[in-house]
Amino acid sequence: MKKQNLDSNVFSLASTLFGFGDTAEKKAIQDSIATTLVTTSDIETRIMAVYPAITQEAFSATMDNYRKYIESYNFMTVAENELTIKHNLQVESFLAENCLNEVQNEFSKLFMKKNKSLSARAYNNLVDEFCKEYGMIICRKKIQEVKYATELIFQNLLHLYNSQLMKRNEQYIKLGVTAIRPIEEFKVNSFLVTQLKRNGIASLDLCRKTVRNHRKRLEECGVFVDYCYKGQKKPVELHINTEILVVFDLKTSKLSTIGNQPVTSYNGKDLLDNNESTRTSLNEYKKKENVKNIPLFDKEFPLVTPSNFFTGTPTSKEQNPTEGAGAKKVEIPETLSEKLQSLILHPQELAENLADKLYNNYKPIDLRILEKEAFHGTMLKEEFRELCIQDFFKSMSKIYKNTTPYSGSWKKAITLYMNYKWISFTGDSFNKTNILEDITQMRWRGEWARKWFVKNEFPPLFPYDYFDMTRKTSKEVGFEYTKVKYAEHLQSKVKYEALKKKQQTNSVRRKEKINHSKKCENEINRFFKNKITMPQLFDYVEKNLPADFLEKLPSIIENKSLKMNQKVAFDDDFLKYNLSEF
């Protein structure tokens with residue numbers, strides 16, 4: 001039986017819901033259009049209702065019709081099986097008395113191979129035609145009766161069908177649709193049947209395959225008609241036999257059914273595919289609060305990489321060649337470790353240079369150079385520690401541009417760091433890699449201190465007092481207090497990364513929402529152009545867009561319809577006048 005396709009103009013919201021003028025005129029247009037559409041449409045084989053529902057009364061009536069129908073069906077099935085037994089006995093007798101020729105053997109094998117997937121009733125009809133032409137050489141199949149367990153499956157399917165109808169009724173009530181229409185098809189999902197529960201207990205302890213087998217049996221007996229398979233990822237669509245189904249119209253408060261309708265329930269149906277969707281299409285949409293504009297954290301002070309990180313250029317000693325020698329001595333270039341070692345000064349010499357302000361424009365050693373030395377160099381860890389301490393003091397001399405500390409104060413500060421900085425409890429120096437990790441922190445803290453002194457116009461203490469490791473509070477104005485600021489900097493950096501990630505997530509969600517809005521608008525425009533029906537519009541929004549779009553769909557359609565009506569009304573009023581009057 002071919003599935004009936006309804007004209008999209010019949011139940012289009014644009015042509016049946018809203019009219020022009022005031023509310024009374026709208027209602028009159030709605031009633032007239034609804035009456036005209038129903039009488040002119042070929043929908044005699046469908047139950048008509050405004051808001052169909054399977055209430056307790058309708059459910060009882062449907063189950064009574066089901067039991068009567070199944071009893072009649074099983075009675076006819078028993079009669080057909082008796083004919084099948086007689087036919088099979090004749091085949092056995094014929095095969096015992098006759099020897100099949102080559103044509104009969106080949107044709108019988110091809111017949112069974114070709115038609116083995118058909119239902120029993122369709123297979124038996126072909127067997128009768130085959131035996132008339134080639135003799136009684138193929139047996140018929142026994143037709144299965146509908147068992148009592150199938151009734152339980154049918155009851156649960158009715159419950160799911162009622163849930164589907166009520167969900168669609170809620171959408172139509174929001175839109176104010178009052179036109180009578182044929183009830184929609186039943187979308188069967190075997191997975192949902194297995195998940196039904198009563199008081200927290202599974203209603204049926206069955207697997208999906210068992211549910212599909214019972215559904216197939218109901219199709220074979222004619223309880224389910226107009227089978228439509230739409231793909232492996234979509235549920236099967238079908239209708240319940242109108243001789244069985246009874247629905248209650250919530251609009252008229254009456255039971256709706258079709259009386260005296262001929263039922264072709266015993267015609268076999270070829271089910272080419274029994275696949276159906278076993279997944280539930282669940283579209284989740286989470287709402288998040290908008291992110292407020294929060295100022296970015298303080299920028300990290302950039303490290304300046306000098307083009308030449310050496311303070312001096314090593315000079316090569318020239319040697320006078322020996323008289324009569326025919327070759328010059330080849331000079332071996334210094335390694336990176338040797339160049340760095342040459343930068344280490346005596347503490348007294350360094351203190352005097354600092355007091356003389358020779359390093360006011362000093363550029364620290366490039367971190368990449370120190371990293372290369374830390375992992376691949378040949379310097380001792382004591383030498384590397386001393387190099388980094390001297391490099392630090394050279395960088396910190398910038399905060400004393402406007403003051404004149406003595407060399408003795410510088411010498412005492414250098415000695416303090418040499419005795420306590422990057423020293424373990426055993427008295428050994430830290431590993432070069434551990435020292436390298438602290439250099440970035442030390443440089444950031446030094447730059448923060450320099451900017452703080454410039455901003456507050458506050459002269460720093462003498463080096464020995466300023467670099468005293470016991471001055472850890474802000475009131476003591478010591479370098480150790482900068483550890484607190486560096487910790488705050490790290491926290492702000494982590495916070496910024498979290499905010500940045502959140503902004504990126506919100507950006508993706510915002511673009512998705514814009515895309516969903518565009519899709520919804522396109523489908524609504526198609527609906528108003530009568531290219532799709534209202535059920536198709538609701539199905540598309542429900543399956544492809546977030547849940548809030550389905551909730552807002554009635555109001556969106558209503559607003560768009562009112563705007564269209566206002567525009568048309570304005571055009572009609574304008575056309576009343578003759579252009580020559582202006």
Side-chain angles (χ1 to χ4, degrees), residues 233 279-306 363-376 388 391-392 395 422 430-456 472-474 479-524 540-553 555-556:
K233 295 184 179 180
R279 299 186 304 173
T280 318
S281 177
L282 301 177
N283 294 322
E284 299 182 356
Y285 181 76
K286 299 181 179 180
K287 299 180 180 179
K288 299 290 184 180
E289 294 182 0
N290 295 330
V291 180
K292 299 181 180 179
N293 295 327
I294 300 177
L296 300 178
F297 69 102
D298 295 337
K299 295 183 178 179
E300 183 174 355
F301 302 110
L303 297 176
V304 181
T305 303
K363 295 181 180 179
I365 301 175
D366 194 337
L367 280 176
R368 292 171 294 183
I369 301 297
L370 295 177
E371 181 179 1
K372 187 175 181 180
E373 171 60 33
F375 288 97
H376 307 289
C388 293
D391 180 73
F392 168 71
S395 301
W422 295 319
F430 283 3
N431 293 329
K432 293 190 287 186
T433 54
N434 294 335
I435 296 175
L436 181 65
E437 293 177 358
D438 283 347
I439 290 177
T440 302
Q441 176 190 159
M442 297 291 289
R443 292 183 177 179
W444 188 95
R445 291 164 56 191
E447 185 65 16
W448 183 90
R450 184 190 68 81
K451 290 186 176 181
W452 186 87
F453 285 118
V454 172
K455 178 180 178 181
N456 294 277
K472 298 181 179 180
T473 63
S474 60
F479 182 73
E480 290 300 311
Y481 173 71
T482 58
K483 286 184 178 180
V484 178
K485 294 301 179 180
Y486 185 74
E488 294 176 358
H489 162 69
L490 293 180
Q491 292 178 357
S492 63
K493 190 174 182 180
V494 172
K495 185 178 180 181
Y496 170 76
E497 292 297 332
L499 289 176
K500 184 178 180 181
K501 186 176 181 180
K502 190 173 183 179
Q503 287 178 344
Q504 292 176 350
T505 304
N506 290 337
S507 176
V508 174
R509 187 179 294 110
R510 186 167 57 252
K511 291 178 181 178
E512 289 180 352
K513 188 173 183 179
I514 294 174
N515 188 27
H516 290 155
S517 301
K518 186 64 178 178
K519 289 182 179 179
C520 182
E521 182 180 357
N522 292 339
E523 289 302 312
I524 292 176
Y540 177 85
V541 174
E542 180 180 5
K543 295 178 181 178
N544 299 281
L545 299 178
D548 61 335
F549 281 86
L550 185 61
E551 297 176 359
K552 298 177 182 178
L553 185 59
S555 60
I556 295 175

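Position 1 is the first residue of the sequence, and the numbers go up from there.
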**Request:** Please identify each residue that fulfils salt bridge (charged side-chain N to carboxylate O under 4.0 Å, His left out) with Lys485, with sequence neighbours left out.
**Result:** Glu488

**Message:** As a quick check of understanding, evaluate side chain to side chain contact (heavy atoms under 4.5 Å, CB included) for Lys519 and Asn544, giving each step before the final call.
**Reply:** CA-CA 9 Å; Lys519 289 182 179 179; Asn544 299 281; 6.0 Å; no

**Asked** Do NZ/NE/NH1/NH2 and the carboxylate oxygens of Asp366 and Lys372 come within less than 4.0 Å?
**Response** no

**Prompt:** Where do Arg443 and Asp391 land on the side chain to side chain contact (heavy atoms under 4.5 Å, CB included) test, with the steps shown first?
**Reply:** CA-CA 10 Å; Arg443 292 183 177 179; Asp391 180 73; 3.1 Å; yes

**Message:** Quick check: do Lys502 and Asn506 have side-chain heavy atoms less than 4.5 Å from each other?
**Reply:** yes

**Complete:** Sequence neighbours excluded, the answer for salt bridge (charged side-chain N to carboxylate O under 4.0 Å, His left out) partners of Glu437 is none

**Message:** If you apply the rule side chain to side chain contact (heavy atoms under 4.5 Å, CB included), what do you find for Phe549 with Ser517, and how did you get there?
**Reply:** CA-CA 8 Å; Phe549 281 86; Ser517 301; 3.6 Å; yes

**Intermediate values then yes/no, side chain to side chain contact (heavy atoms under 4.5 Å, CB included), Ile369 and Glu373** = CA-CA 6 Å; Ile369 301 297; Glu373 171 60 33; 5.8 Å; no

**Request:** With rounding to the nearest 0.5 Å, note down the distance linking CZ in Phe430 to CG in Asp438.
**Result:** 7.5 Å

**Any Ile524 side-chain heavy atom under 4.5 Å of Leu553 side chain** = yes

**Message:** Do the side chains of Arg509 and Glu512 get close enough for a salt bridge, i.e. N-O under 4.0 angstrom?
**Reply:** no

**Item:** 4.5 Å side-chain heavy-atom contact, Lys495 and Gln491
**Value:** no

**Request:** Anything under 30° is parallel, anything over 60° is perpendicular, the rest tilted; go ahead and classify Trp444 against Tyr486.
**Result:** perpendicular

**Item:** Gap separating the CZ atom of Arg445 from the NE2 atom of His489, nearest 0.5 angstrom
**Value:** 12.5 Å

**Item:** Pairwise side-chain contact, Met442 with Phe479, heavy-atom cut-off 4.5 Å (strictly under)
**Value:** yes

**Asked** Would you say Phe375 and Leu436 make side-chain contact, with heavy atoms under 4.5 Å?
**Response** yes

**Ile439 side, atom CD1; Leu367 side, atom CG - distance, nearest 0.5 Å** = 6.5 Å

**Prompt:** Would you say the side-chain atoms of Ser507 pair up with the backbone N or O of Gln503, donor to acceptor, closer than 3.5 Å?
**Reply:** no

**Request:** Taking salt bridge (charged side-chain N to carboxylate O under 4.0 Å, His left out) as the test, write out the residues that go with Lys483, two or more places apart.
**Result:** Glu480

**Item:** Considering all heavy atoms, the nearest Cys388-Ile435 contact
**Value:** SG-CG2, 3.9 Å

**Message:** I'd like to know whether Glu371 forms a salt bridge (charged side-chain N to carboxylate O under 4.0 Å, His left out) with Arg368, so could you lay out the CA-CA distance, the side-chain angles of the two residues, the decisive distance to 0.1 Å, and finally the verdict.
**Reply:** CA-CA 5 Å; Glu371 181 179 1; Arg368 292 171 294 183; over 6 Å; no

**Prompt:** Between the side chain of Asn515 and the main-chain N/O of Lys511, is any donor-acceptor distance below 3.5 Å?
**Reply:** no

**Item:** Considering all heavy atoms, the nearest Thr433-Ala374 contact
**Value:** CG2-O, 4.2 Å

